[in-house]
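Written out below as structure tokens is the structure these notes cover.
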Amino acid sequence: MTEQLFIPEPYAFNLENGKVTWESPSNIALIKYWGKKKHQIPKNPSISFTLDKCKTITSVTFTKKEETDDFSFEVFLDGEKKDDFKPKINTFFTRIEAYVPFLKHYHFKIETKNTFPHSSGIASSASGMSALALCLISIEKQMQPSLSDDQFNRKASFLARLGSGSACRSIEGDLIVWGQTDEIEQSSDLFGIKYPYKVHDNFKNFQDTILLVDEGEKQVSSTVGHNLMNNHPFAEERFQQAHHNIKLLKPILESGDINSFIKLIESEALTLHAMMMTSMPYFILMKPNTLQIINKIWEFRNNTELHLGFTLDAGANVHLLYPQNESDKILEFIKSELVGYCQNGHYICDQIGLGANRIE
Ligand code: PMV
């Protein structure tokens with residue numbers, strides 16, 4: 001499949017104005033995307049759990065106008081005008097214009113809010129860009145009703161990817177693969193697909209408790225981090241390893257082997273951060289409390305044999321992953337032993353979710 005297939009036929013209907021609203025979740029990668037080519041084409045395949053509660057809710061109100069050379073839009077976060085969001089959205093519109101050619105024919109009012117605190121250190125780009133992509137494709141669907149549900153989701157993911165790579169994994173749930181790999185049929189660098197193979201019930205309703213170790217802005221953006229994988233001394237090995245880890249994950253997901261699952265995801269998380277530490281310039285996004293938490297988790301696992309594992313994204317926060325049927329004891333441990341390492345004692349209880357929803 002190529003990009004060309006996302007350029008629409010002339011639209012069947014003309015719209016004067018309207019409003020669409022979508023809520024779209026964040027996601028947490030198990031096998032990490034770190035390193036990209038132009039336009040968020042990943043250097044290796046990744047796979048993620050879609051989350052349920054950490055979401056962005058975005059409404060787009062559109063009004064027909066004369067076609068102009070520039071995009072015409074305004075952005076509000078929690079009801080307040082956010083002009084500092086405009087450059088990112090302008091770049092996004094420029095990248096996707098060929099695929100949604102109506103953008104310069106309308107004025108857009110974009111109103112957005114997150115269910116998680118803005119300063120939580122949780123990346124809102126995956127949920128935010130996927131919610132915006134879904135609103136735009138919903139508008140397109142009104143002009144081109146023949147778009148099937150599959151085409152709709154695929155194109156939403158394709159557009160979201162052009163906003164922020166990992167956003168393409170937030171359209172559907174509960175396990176999403178992005179990036180071409182021979183291990184997974186139909187996988188593509190252009191958009192995310194639902195993981196197409198058997199997943200054991202052990203992974204249904206998996207819990208993700210996010211420990212907010214550092215609620216501030218991170219010092220190095222993921223764009224900078226991805227770029228540092230160019231000319232990175234271990235890059236090629238790392239990209240091969242990600243392919244290999246996807247191969248290892250398949251039988252783990254099928255058999256429900258949670259111990260091997262934990263080993264694999266923890267290794268992926270630490271490898272991601274090892275890539276940061278071995279970049280030039282090098283950087284560290286973990287904080288002392290991130291390491292304290294990791295050591296506590298390992299100790300807890302040795303003492304209890306409960307199935308508590310962790311993963312990290314590009315920041316200091318720790319995602320605790322565990323099966324729902326062990327949540328009573330694990331939550332007790334989190335509250336008594338781990339919450340003290342969180343900034344202001346903050347954490348978020350989330351779990352695997354099924355993807356974005358349109359709000360009527
Ligand atoms: O989508 P980006 O460019 O913010 O990159 C996300 C990278 C990681 O969160 C570290 C890994 C991943 O696969 O989500």
Side-chain angles (χ1 to χ4, degrees), residues 24-51 54 56 88 91-92 95 114 116 120-133 157-171 173 175-181 187 189-193 195 208 210 214 217-230 232 235 238-239 241-243 245-246 249 264-279 283-286 290 310-319 321 350:
S24 189
S26 186
N27 68 75
I28 180 68
L30 306 171
I31 310 273
K32 308 288 182 181
Y33 149 61
W34 197 242
K36 63 178 171 184
K37 303 174 208 165
K38 213 170 165 204
H39 296 331
Q40 272 80 252
I41 295 296
K43 292 254 184 123
N44 66 257
S46 58
I47 179 164
S48 53
F49 276 157
T50 304
L51 295 185
C54 289
T56 298
K88 198 162 181 196
T91 305
F92 177 49
R95 285 187 192 153
N114 298 320
F116 46 89
S120 60
I122 295 186
S124 56
S125 61
S127 52
M129 281 299 173
S130 54
L132 181 54
S157 176
F158 172 84
L159 295 179
R161 187 200 93 239
L162 289 165
S164 172
S166 59
C168 77
R169 297 187 313 233
S170 278
I171 307 296
L175 264 172
I176 302 293
V177 180
W178 168 44
Q180 202 286 321
T181 168
S187 59
D189 284 346
L190 299 181
F191 47 83
I193 61 161
Y195 179 74
D208 180 1
I210 310 166
D214 184 15
E217 284 270 309
K218 53 191 182 199
Q219 303 102 322
V220 181
S221 72
S222 59
T223 306
V224 171
H226 285 293
N227 288 337
L228 289 172
M229 288 303 280
N230 299 323
H232 189 293
R238 161 59 198 155
F239 302 144
Q241 182 197 39
H243 281 270
N245 282 348
I246 292 219
L249 187 62
L264 193 62
I265 58 157
E266 291 188 350
S267 159
E268 272 289 317
L270 295 178
T271 300
L272 168 71
H273 284 259
M275 290 299 114
M276 300 174 190
M277 291 187 232
T278 47
S279 299
F283 59 104
I284 300 179
L285 294 183
M286 290 187 284
T290 311
F310 72 85
T311 188
L312 308 165
D313 56 19
N317 296 336
V318 183
H319 288 248
L321 299 180
D350 208 337

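First listed ligand is number 1; within each ligand, the first listed atom is number 1.
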Number the atoms of ligand 1 from 1 as they appear, then name those within less than 4.0 Å of a heavy atom of A314, with their elements.
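Every atom of ligand 1 under 4.0 Å from some heavy atom of A314: 10 (C).
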
Say whether [X], considering both its backbone and side-chain N or O atoms, lies within less than 3.5 Å of an N or O atom on ligand 1.
| X | answer |
| --- | --- |
| K32 | no |
| W34 | no |
| S46 | no |
| N27 | no |

For L312, does its backbone N or O pair with a side-chain atom of K32 as donor and acceptor, under 3.5 Å?
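Yes, K32 side chain to L312 backbone: donor-acceptor pair under 3.5 Å.
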
4.0 Å heavy-atom contact, R169 with ligand 1
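Distance cut 4.0 Å: R169 passes for ligand 1.
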
Between A29 and ligand 1, find which residue part has any heavy-atom pair under 4.0 Å and reply side chain, backbone, both or neither.
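Side chain only.
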
Just let me know how I28 lines up against ligand 1, side chain, backbone, both or neither, with a heavy-atom cut-off below 4.0 Å.
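None of I28 does.
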
State whether F158 and R161 meet the cation-pi test: NZ (Lys) or CZ (Arg) under 6.0 Å from the six-membered ring centroid, and within 45° of the perpendicular axis.
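Geometry flag: set, cation within 6.0 Å and 45°.
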
Fit a plane to each ring of W34 and H226, take the angle between them on a 0 to 90° scale, and name the class: parallel (under 30°), tilted (30 to 60°) or perpendicular (over 60°).
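Ring orientation, 0 to 90° scale: tilted.
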
Among H226, H273, Q40, M129, which one puts a heavy atom closest to atom 5 (O) of ligand 1?
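The residue whose heavy atom sits nearest atom 5 (O) of ligand 1 is H226.
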
